Every structure is written in C-alpha cells, then in structure tokens.
Undergrad: 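Below you'll find the structure I mean.
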Amino acid sequence: MRGFERDDDGTWLVHYVAHDPGNPAPTKSLPESTIRCAKLILAAGTFGSTYLLLRNRMSLPGISPALGTRFCGNGDLLGLMLNATQMAQGTVSSRPLVGSRGPVITTAIRVGDELDGDGSSGRGYYIEDAGYPGFMNWLMELSQIRAAIPRVARMAARIVENRLFQQNRSNISADLAAAMGASAFSESSVPLLGMGRDVPDGMMNLRDGRLAIDWTVATSEEYFARVRGTMAALAETLGAGFQDNPLWWAKRVITVHPLGGAPIGATIQAGVCDPYSQVYEAPGLYVVDGSAMPGPVGANPSLTIAALADRACERMLTDVWPQPHHGTAAPASTFLDARHVVPSLAEAAQPGTRVAFTEQMKGHFTLGEGAPFKANDVALLRHERMMFELTITTTGIDDFLGNPAHPGSATGYLDGDLLGGRCEVEQGWFNLFVRGPGSGHKLMLYRLHVSSPGGRPLTFVGVKDIHDDPGFDVWADTTTLRVQVLRGHLSQLSDTGLLPPEDSRILGAGILYIHPLDFAKQLTTFTTIGPDGAGAMAKFGELFLGSLWDSFSGIAKATP
C-alpha cells in the first residue's frame with residue numbers, strides 16, 4: 001500500500017502497487033492502482049499500522065497529536081536459566097528441563113499488580129518458560145568450548161582414521177552424536193520470558209522516511225529489576241544459574257509484543273482511536289491491531305487484541321456506511337482531475353541561454369503552526385525534520401533579466417517526516433530577487449506542487465528575505481528559508497509568498513537552511529543550457545551580486 005486519503009463523499013481511496021512474483025521489479029517502477037472503499041481497516045501490526053498513519057499524516061488533517069505515542073514492549077524481558085541441577089540419592093545431577101520439546105510456553109507464574117486491589121504493590125508481571133527449536137541444542141552445546149573441543153577432536157580423528165586406513169566405515173550419525181555429547185547443558189537450560197506492565201512512554205516517528213522508535217528502559221527500571229529478581233529466584237530454586245541476555249548489558253530489551261503508536265483514548269487529545277478503534281476525525285478508518293493498545297496488557301496480548309478487533313467489527317456493522325461512487329475501483333489518474341495544473345516553465349520553449357543550479361536545504365517543520373520561526377522552535381524539540389533538493393532553471397537569460405519577477409522553474413523533491421517521506425515535485429516555480437515590502441527588501445520565492453503518499457495535493461512555499469540589518473547578515477539572509485505547507489495546489493499566492501499565520505489553508509510551517517558544505521557543493525552545480533554559456537553565467541552573476549549590493553550597501557534605502 002502506497003497511501004490512502006478520504007474523498008469528499010466520505011469514502012476512502014487506497015493507492016497501492018501489485019508485485020508480480022515472477023517479475024521482481026523495483027517497487028518504484030511498478031504502476032500505481034487505486035481502489036475505493038467505504039471502510040478502511042488497518043491491521044498491519046504495531047509497526048506497520050503506525051508507519052502507514054505517519055506516512056499518510058497529511059491525508060489525515062485532524063488526526064490526534066497522540067499519533068506515535070504510548071509505545072511499549074508489553075514488559076517483555078528475556079532471561080536465561082542455565083545448568084539446572086537436582087539432588088538424587090545424595091548425588092548432584094543434571095535436572096532435565098528439555099526446552100526443545102513441546103509447546104513454546106507450558107506454564108507461567110504471575111506476580112500481582114497494585115491494580116489488583118489485593119494488597120499487591122508495583123507493576124505486575126508474568127514469568128513463562130520459553131521453548132526453542134531443536135537445532136538450538138547444537139548451538140548451545142557447541143558454545144561450551146572446553147567440553148566440545150575434545151569431543152569434536154575425537155570425531156575428526158575417527159573420520160581421518162577411516163579415510164586413511166580405508167575401513168569403509170561410515171556412521172555419521174553416531175559420530176555427530178559423539179561430538180554432541182550427552183547434551184547435559186542444553187537439556188538443563190531454558191530461556192525465561194518476562195512480560196507485564198512497563199511504562200508506555202516510547203515515541204514512534206518517521207526519520208529519513210523510515211519508522212524510528214525512541215524508547216528507553218530507564219523509566220521502567222524498577223519494574224525490570226523486579227522481573228529479573230524473580231527470574232533469579234526461580235533459577236536458584238531449580239539449582240540453576242541465572243544469566244541476563246547480552247542485550248540487557250547495554251540496557252536494551254527484546255520484545256515480541258510491541259504495542260502502541262495509534263492508541264485508543266477517551267478523547268482526541270488522549271488517543272488516536274476512539275474506544276471502538278475508529279480514528280478520531282477520520283470516519284470509516286479503523287485500527288484493529290496492537291498499535292491501538294494504549295498500554296501494556298501484562299499477559300500475552302493476542303487475545304486482548306482479538307477482543308478489541310471483535311468489538312470494533314460489531315460497531316462497524318451498526319455504523320451508516322457512506323455510499324461509494326459507481327464501481328469499486330478506478331485508475332489513479334481519474335482522481336487528479338480536480339487538481340490545478342499549470343504548464344511548467346521548463347516545458348515551455350525558452351529562447352536564449354538558461355542558467356541552472358542545484359540547491360539543497362535542510363531544517364525543521366511542524367504541523368499546526370503558521371509562523372515559521374515559532375514552528376521551527378517546536379519542530380526542533382520534536383526532531384521533526386524537512387529538506388529539499390531542487391534544480392533551479394531560469395528562463396532565457398535576457399527574458400530572465402528583463403522580467404522584474406526573474407522567474408525560473410524548480411524540479412526535484414521535498415522530504416519531511418510529517419509529509420510521510422519523499423515527495424517528488426510535480427511542478428515548481430522560483431523567483432529571484434523580487435522587490436519585497438519596504439525599501440531595500442528583495443525576496444527569493446519558492447512554490448512547489450507536491451502530493452503526499454496518500455495522494456493529497458499540497459503546496460510548499462518558501463521565502464528568503466534579503467535586507468540590511470545591523471551587523472553582517474548577508475549569509476543568514478541568503479541561506480535562511482521561511483516555509484509553509486498549504487492545502488491543495490495553489491496557483492496564486494501573496495506578493496510576499498507566505499500567508500498570514502492564522503490562514504486556514506496553512507497546514508504547517510518551519511525554517512530551512514543551507515549548510516556551508518552544501519553551499520560549497522551548490523557552487524559546483526552551476527551550468528548553462530544554450531549557445532552563450534559564458535555570457536549567460538556572467539549576466540546571472542552580475543544580477544545576483546548587484547542585487548545583494550543594493551540590499552546591503554544602503555543605496556537602496558536612499559532610493560525613493
């Protein structure tokens with residue numbers, strides 16, 4: 001699934017590609033198809049469903065700020081009980097636990113929770129035995145190097161003897177069994193699984209287009225200490241040694257029960273989904289997997305998740321279903337008719353020689369705020385990044401110089417965590433040194449038409465304000481871009497590029513910068529298209545440097 005969006009009639013449009021097992025073509029090269037549905041159910045697991053919601057966030061303008069929150073591992077902790085022993089007739093012998101036989105989990109011990117109301121304290125948990133595949137016995141035995149080396153040496157000697165003296169003896173199974181030994185270590189050892197109520201304070205977000213998780217065991221350290229204590233006591237009772245799994249030494253845990261990311265909550269501020277698993281402000285969109293869990297369950301959560309899914313399905317049957325358009329499927333192109341399409345400057349025949357260069361800017365962007373600098377402060381705290389890489393191409397150099405708007409086209413891509421990843425520029429416009437409001441102000445304007453992964457049309461606008469302030473600020477002015485992302489593909493904007501922060505068309509804002517190394521790289525990308533390359537480049541440079549001189553020398557301020 002590439003993305004999804006809600007249509008004006010209340011139905012959902014799902015964009016996807018179909019993979020052909022016989023033709024493993026790259027996903028990006030596959031044709032996109034679209035289907036329409038009255039109800040859209042996400043059940044891709046905690047990671048999958050949260051990723052899809054984050055990636056299609058721009059198609060869900062009213063989605064809760066709780067998206068990506070309340071992640072936890074259901075208190076999972078892996079421990080190891082090794083070399084269990086028993087006393088038999090006054091002799092200490094190996095205690096058979098045989099973890100490689102039978103079901104994965106055969107029994108459990110439950111430690112009470114303070115919420116039980118029976119006098120228990122702290123966060124409760126379960127301790128369970130964990131079965132493992134039979135081949136793990138080999139790995140466990142071979143890990144005991146001191147005991148394994150003599151056995152393996154004897155097996156190797158037997159094989160060499162048979163080969164050298166041509167005894168034509170072959171009993172590989174017996175040789176391997178001899179190398180394996182009595183399997184006392186593997187038979188007397190078993191993994192332990194802990195699960196319970198850790199603190200659900202992990203955060204999930206997109207980083208470089210991929211799902212990233214900020215999660216620490218520090219806030220649940222008291223809980224994990226209790227779990228480890230019970231595991232150690234259990235091992236001592238069985239005459240075994242207790243060993244943490246190696247990841248615990250780095251304060252990492254292994255979880256097979258990830259939960260959260262699109263949690264159920266009583267209000268839209270508290271959760272992404274309502275108590276019936278429907279996404280707030282997105283009628284017809286349901287999340288019915290572990291991502292909807294608002295916190296740890298304690299026990300293995302599959303039955304709890306199934307119960308919540310069943311509850312959601314019962315509610316779906318009573319909801320009024322929106323009536324879809326005729327037919328249930330349509331090609332993606334039929335949904336583009338309402339988008340504003342303007343011929344690109346790059347597509348028009350441009351007389352004369354053109355100048356082109358590639359620019360990369362990086363910074364931060366957040367939703368729900370229209371003032372770029374204020375939005376940037378919020379985005380910095382949330383680590384919500386944005387960047388673009390654009391190739392700017394002027395019109396023919398004589399037209400470019402003679403037109404006060406100094407227009408050009410922009411191609412490339414826009415990439416942002418809140419946008420859902422990389423968005424190709426469908427059409428882009430650029431203006432160099434447009435006269436701004438007030439004497440001495442020159443503006444560089446950017447306007448890009450993109451679409452979110454869910455197919456929602458968006459307009460990116462950016463402004464560099466070149467003017468003379470106290471101090472040497474030419475670098476800051478020419479490398480700082482104030483940006484806004486707007487609903488729809490807009491063809492006309494204000495003369496200053498940006499909309500007032502309170503404008504309802506604004507989805508979010510932020511600040512992008514050119515870093516010094518990227519600027520140095522940008523200087524190497526200047527090129528020309530046409531017969532008079534050197535002349536066009538000289539004219540462009542004269543305009544650029546002359547405009548900066550006008551803005552920062554004070555001459556412009558004295559000009560009426």
Side-chain angles (χ1 to χ4, degrees), residues 1-5 14-17 27-28 40 42-73 200-216 255 258-263 271-273 279-282 285 287 289-292 360-369 375-389 412-425 448 450-458 460 483-485 507-512:
M1 187 166 86
R2 282 273 179 85
F4 56 86
E5 59 182 320
V14 181
H15 310 295
Y16 69 98
V17 296
T27 300
K28 290 183 178 181
L40 177 57
L42 297 184
T46 293
F47 296 138
S49 291
T50 304
Y51 171 77
L52 288 171
L53 289 169
L54 287 168
R55 181 167 167 78
N56 291 276
R57 194 169 193 165
M58 302 303 290
S59 297
L60 303 166
I63 197 165
S64 167
L67 178 60
T69 65
R70 302 195 67 81
F71 175 82
C72 71
D201 57 357
M203 294 287 298
M204 306 171 73
N205 52 60
L206 292 184
R207 196 170 299 156
D208 296 328
R210 297 178 180 271
L211 186 67
I213 302 174
D214 292 319
W215 184 36
T216 176
T255 178
L259 301 173
V272 174
C273 302
V279 176
Y280 283 110
E281 300 297 327
L285 177 60
V287 180
D289 54 32
S291 62
Q360 188 176 94
M361 301 193 72
K362 302 171 183 176
H364 294 83
F365 168 88
T366 195
L367 295 173
E369 176 59 58
N376 183 68
D377 292 340
V378 175
L380 276 169
L381 293 174
R382 297 176 178 172
H383 305 290
E384 295 169 337
R385 61 163 202 98
M386 174 182 275
M387 64 85 66
F388 69 55
E389 184 173 298
Y413 66 89
L414 177 67
D415 193 344
D417 298 330
L418 298 182
L419 298 178
R422 178 165 168 162
C423 302
E424 299 295 331
V425 174
L448 311 176
V450 300
S451 294
S452 70
R456 187 179 191 189
L458 306 169
F460 169 97
V483 306
Q484 293 174 336
V485 173
L507 291 170
I511 301 290
L512 303 184

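Computed from a predicted model, the values in this text were never measured in an experiment. No hydrogens, no waters, no symmetry mates; every other heavy atom, side chains included, goes into these values.
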Undergrad: Quick check: do Val272 and Tyr280 have side-chain heavy atoms less than 4.5 Å from each other?
TA: no

Undergrad: State, with a plain yes or no, whether a side-chain heavy atom of Val483 is found less than 4.5 Å away from one of Ile511.
TA: no

Undergrad: Using modelled atom types and a 3.5 Å cut-off, is there a donor and acceptor pairing between side-chain atoms of Thr50 and backbone atoms of Gly68?
TA: no

Undergrad: What's the spacing between Met386 CE and Thr366 OG1 if we round to 0.5 Å?
TA: 10.0 Å

Undergrad: Measure the shortest side-chain to side-chain distance between Pro453 and Arg2 over non-hydrogen atoms and say whether it is less than 4.5 angstrom.
TA: no

Undergrad: In Å and rounded to the nearest 0.5 Å, what is the CG to CZ distance from Leu367 to Arg57?
TA: 5.5 Å

Undergrad: Should the pair Arg385-Asp208 be classified as a salt bridge under the 4.0 Å nitrogen-to-oxygen rule?
TA: yes

Undergrad: side-chain contact (heavy atoms from CB on, under 4.5 Å) with Cys72: which residues, sequence neighbours excluded?
TA: Asp198, Pro200, Leu259, Pro296

Undergrad: Mind checking the OG-CG spacing from Ser291 to Leu52? Nearest 0.5 Å is all I need.
TA: 9.5 Å

Undergrad: Only one of Leu419, Asn56, Leu507 passes side-chain contact (heavy atoms from CB on, under 4.5 Å) with Arg456; say which it is.
TA: Leu507

Undergrad: Heavy-atom distance under 4.5 Å between the side chains of Met1 and Val14, does that happen here?
TA: yes

Undergrad: Determine whether Glu281 and Val279 make a side-chain contact, defined as any pair of heavy atoms from C-beta on separated by less than 4.5 Å.
TA: no

Undergrad: Would you give the length of the straight line joining atom CG of Leu458 to atom CD of Gln484, rounded to the nearest 0.5 angstrom?
TA: 13.5 Å

Undergrad: Would you say that Leu211 contacts Met204 through its side chain, given a criterion of any heavy-atom pair below 4.5 Å between the two side chains?
TA: yes

Undergrad: Would you find a donor on one side and an acceptor on the other, under 3.5 Å apart, between the side chain of His15 and the backbone of Gly454?
TA: yes

Undergrad: Can you measure from CZ (Phe365) to CG (Asp417) and round to the nearest 0.5 angstrom?
TA: 10.5 Å

Undergrad: Salt bridge (charged side-chain N to carboxylate O under 4.0 Å, His left out) between Asp377 and Arg382: does it pass, once the steps are laid out?
TA: CA-CA 9 Å; Asp377 292 340; Arg382 297 176 178 172; over 6 Å; no

Undergrad: Partners of Asp289 by salt bridge (charged side-chain N to carboxylate O under 4.0 Å, His left out), sequence neighbours excluded?
TA: none

Undergrad: Atom OG in Ser451, atom CD in Glu424: separation rounded to 0.5 Å?
TA: 11.0 Å

Undergrad: Is there a side-chain contact between Phe4 and Tyr16 in this structure, where contact means two heavy atoms from C-beta onward sitting under 4.5 Å apart?
TA: no

Undergrad: I'd like to know whether Asn205 forms a side chain to side chain contact (heavy atoms under 4.5 Å, CB included) with Ile213, so could you lay out the CA-CA distance, the side-chain angles of the two residues, the decisive distance to 0.1 Å, and finally the verdict.
TA: CA-CA 7 Å; Asn205 52 60; Ile213 302 174; over 6 Å; no

Undergrad: Under the side-chain contact (heavy atoms from CB on, under 4.5 Å) rule, collect the residues that match up with Glu389, sequence neighbours excluded.
TA: Thr358, Gln360, Tyr413

Undergrad: Quick one, Trp215 and Thr255 - any side-chain contact, counting heavy atoms below 4.5 Å?
TA: yes

